[in-house]
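Positions are given from 1 along the sequence. What you see is a predicted model; the values in this text were computed from it and never measured.
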Amino acid sequence: MWGEPTDAFYLYRASYVPAKKEPMVYIVSHTWPERWREPGRKSGINVYSNCDEVELFNGVRENSLGVRRQRGPGTAFCWDDVGVATNVLYAEARQGGRVVACDAIVLRHLPEAPTRWRLNGKIEDLTRGEAGWNYLYRVNCGGGDFTDAEGQRWSADTDLAPGRPWGSNSWAAVDPELPPRLGSQRESFDPVAGTRDEALFQTYRYGREKLSYRFAVPDGEYRIELYFLEPWYGRAGENAEGWRLFDVAVNGVTHLRDIDLWRESGYSRAVRKIITARAVDGRLEISFPRVASYQAVISAIAIATRDPNARGPQVTAWAERTAPRTPVTAMSRRVDAVSAMTFPVSSARVESHADALRLSWTIETGLGGGHELRVRYASAAGPVLAELSIASADGTIVETRRWELPATDGRTRESGPAEEWSFNAGRYTARLTLRGEARNDIHVEALLLR
């Protein structure tokens with residue numbers, strides 16, 4: 001859900017409409033913001049909704065691309081050969097003629113829509129430094145160096161290591177053969193309500209009890225500002241209360257309990273929480289000692305003191321771990337050997353169309369979080385355009401990715417999107433669509449889930 005009620009712009013919470021089935025609408029796909037390099041006539045824009053009709057706009061309620069009616073449960077609303085001039089796709093779903101759900105995507109490379117910033121709603125100065133406080137650290141969790149609208153610099157996330165004054169830890173840090181942020185760092189591409197510094201919130205770290213940040217500081221009392229957003233749950237309008245619940249501790253003492261970002265602010269809205277705590281043995285350690293549901297998330301951290309003369313410790317020379325890190329490619333082979341679930345083509349439903357070949361598997365995972373999906377195949381020709389989508393049991397599209405399957409000279413290889421997928425434990429439908437002249441020359445052996 002985006003924005004605050006205004007005369008010109010309003011987005012409804014799903015709970016606003018009393019119904020047995022919560023209204024939802026979802027533009028495919030939020031993880032694909034780079035789909036076009038320039039304006040023009042565009043095709044293949046798909047939207048999923050359980051409502052009567054959907055109207056698609058190029059901009060926030062401006063430049064209508066037309067209305068499509070429901071054609072059956074789980075069937076996409078499709079737009080082809082429509083003019084896209086600016087960087088916002090905005091969908092309104094209607095039930096009985098009334099708007100009940102909305103969704104929006106901000107695309108890269110296209111000119112900015114005049115109404116683009118309506119998606120951020122009422123702007124608050126959440127990141128502005130508090131008067132009378134001396135900020136020793138500002139950290140962009142999961143992201144790179146960033147300068148906000150106030151001109152304040154936020155440092156890129158870094159891993160905790162000997163000689164460094166601060167850094168992060170997660171479950172993978174204990175194994176020298178794994179990248180230290182494996183399965184604990186992601187990025188959202190959706191607008192962030194309540195701030196113009198949305199890039200600071202769009203990158204984030206996630207995890208459970210082993211995720212933590214440690215800072216070296218002089219003894220004393222500190223103001224700790226924690227910045228969050230709900231980056232996943234409630235995206236399509238569902239009621240996500242209680243789906244993510246976690247505590248926050250400083251130096252082992254719990255200060256915040258049962259944080260439920262969706263219940264507090266909805267999907268993709270900037271949230272700030274402030275803790276006052278004392279340093280112990282010259283350090284502040286922020287951790288998440290109790291995660292009651294799914295995983296904790298954190299987008300940014302700022303630490304300040306009343307002492308105007310205090311300075312954050314400088315970086316000193318430090319040694320890497322004694323055991324060298326295994327390259328990512330080798331690490332992937334090691335993980336594949338122990339954790340891949342294989343869904344052979346013999347278990348897939350195969351559909352052949354005039355312009356595409358489609359294979360569908362029912363997949364099931366008992367672990368929520370980040371996953372890797374790859375296709376094992378062989379092909380003498382190529383490339384073949386591949387689209388892989390994951391749909392929940394009710395037909396809602398969770399993620400869609402597109403990439404190319406290169407020719408393999410007849411040898412078997414694996415290929416998949418570069419980004420990992422994020423979905424909860426449960427049963428899903430994985431649908432692989434192959435397009436291109438070489439699609440009939442490809443032999444798919446299996447879908448792999450890791």
Side-chain angles (χ1 to χ4, degrees), residues 1 13-15 22 24 139 141-142 157 168-174 181-188 190 192-194 201-214 224-277 284-301 339 364-371 390 392-394 396 398-399 420-428:
M1 299 303 157
R13 282 188 179 276
S15 57
E22 293 179 345
M24 58 76 61
V139 175
C141 301
D157 204 336
S168 61
N169 260 326
S170 71
W171 68 272
V174 299
R181 290 179 230 167
L182 177 68
S184 71
Q185 178 172 308
R186 281 183 67 83
E187 179 180 6
S188 169
D190 289 343
V192 181
F201 292 84
Q202 286 172 325
T203 55
Y204 60 94
R205 298 291 298 276
Y206 65 94
R208 297 179 67 86
E209 294 82 359
K210 293 184 179 179
L211 177 65
S212 64
Y213 281 82
R214 185 179 299 174
I224 302 172
E225 299 173 0
L226 305 176
Y227 296 86
F228 308 92
L229 90 164
E230 174 48 63
W232 183 253
Y233 290 132
R235 171 186 285 172
E238 66 272 25
N239 184 334
E241 183 173 352
W243 291 12
R244 186 190 307 278
L245 287 172
F246 61 93
D247 295 352
V248 178
V250 178
N251 292 336
V253 178
T254 299
H255 288 257
L256 302 173
R257 297 185 183 276
D258 286 332
I259 295 176
D260 185 334
L261 295 171
W262 186 90
R263 182 179 60 194
E264 180 175 337
S265 62
Y267 171 70
S268 197
R269 176 178 289 278
V271 174
R272 181 183 68 177
K273 293 185 178 295
I274 300 171
I275 295 172
T276 300
L284 292 169
E285 183 168 12
I286 299 166
S287 62
F288 309 89
R290 175 180 166 273
V291 180
S293 181
Y294 199 50
Q295 293 171 331
V297 294
I298 182 73
S299 290
I301 299 171
S339 61
E364 191 165 1
T365 176
L367 179 65
H371 301 279
I390 301 296
S392 58
D394 66 356
T396 301
V398 177
E399 295 271 7
E420 69 175 12
W421 306 62
S422 181
F423 49 89
N424 210 352
R427 179 173 292 184
Y428 298 87

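A tilted orientation is assigned to the rings of Phe246 and Phe228, their planes being inclined by 30° to 60°.
For the pair Gly207 and Val291, the tightest heavy-atom approach, listed with the atom from each and the gap, is O-CG2, 4.3 Å. Closest approach of His255 and Val253 over heavy atoms only: CD2-O, 2.9 Å. Heavy atoms only, all atoms of each residue included: Ser170 and Ser184 are closest at OG-OG, 3.5 Å.
Taking Asp157 as the reference, Ser168, Arg205, Tyr213 meet the side-chain hydrogen bond (donor to acceptor under 3.5 Å, both in side chains) condition, with sequence neighbours excluded. For Leu256, the side-chain contact (heavy atoms from CB on, under 4.5 Å) partners at least two apart in sequence or on another chain are Leu226, Val248, Ile259, Lys273, Ile275. For Arg214, the salt bridge (Lys or Arg N to Asp or Glu O under 4.0 Å) partners are Glu285, not counting sequence neighbours. Glu187 pairs by the salt bridge (Lys or Arg N to Asp or Glu O under 4.0 Å) definition with Arg108, not counting sequence neighbours. With sequence neighbours excluded, the residues satisfying side-chain contact (heavy atoms from CB on, under 4.5 Å) with Glu241 are Asn239, Asp260, Trp262, Arg263. Residues passing the side-chain hydrogen bond (donor to acceptor under 3.5 Å, both in side chains) test with Arg290, sequence neighbours excluded: Asp247, Asp258. Gln202 pairs by the side-chain hydrogen bond (donor to acceptor under 3.5 Å, both in side chains) definition with nothing, not counting sequence neighbours. Applying the side-chain hydrogen bond (donor to acceptor under 3.5 Å, both in side chains) criterion to Ser392, with sequence neighbours excluded, gives Asp394. Applying the side-chain contact (heavy atoms from CB on, under 4.5 Å) criterion to Arg186, with sequence neighbours excluded, gives Tyr204, Tyr206, Glu399, Arg401, Glu420, Ser422. Not counting sequence neighbours, Trp171 has no partner by the ring-ring contact (aromatic ring centres under 6.0 Å, His included) test.
For Glu230 (side chain) and Trp232 (main-chain N/O), a donor-acceptor pair under 3.5 Å exists by modelled atom type. A donor-acceptor pair under 3.5 Å links the side-chain atoms of Ser299 to the main chain of Phe201, judged by distance alone. For the pair Ser293 (side chain) and Gly242 (backbone), a donor-acceptor distance under 3.5 Å is present. When atom types are taken as modelled, the side chain of Arg244 and the backbone of Ala292 share no donor-acceptor pair closer than 3.5 angstrom.
A distance of 8.5 Å separates CG of Asn169 from CG of Leu211, quoted to the nearest 0.5 Å.
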Give the C-alpha distance, both sets of side-chain angles, the deciding distance and a yes or no for side chain to side chain contact (heavy atoms under 4.5 Å, CB included) between Leu229 and Leu261.
-> CA-CA 7 Å; Leu229 90 164; Leu261 295 171; 5.9 Å; no
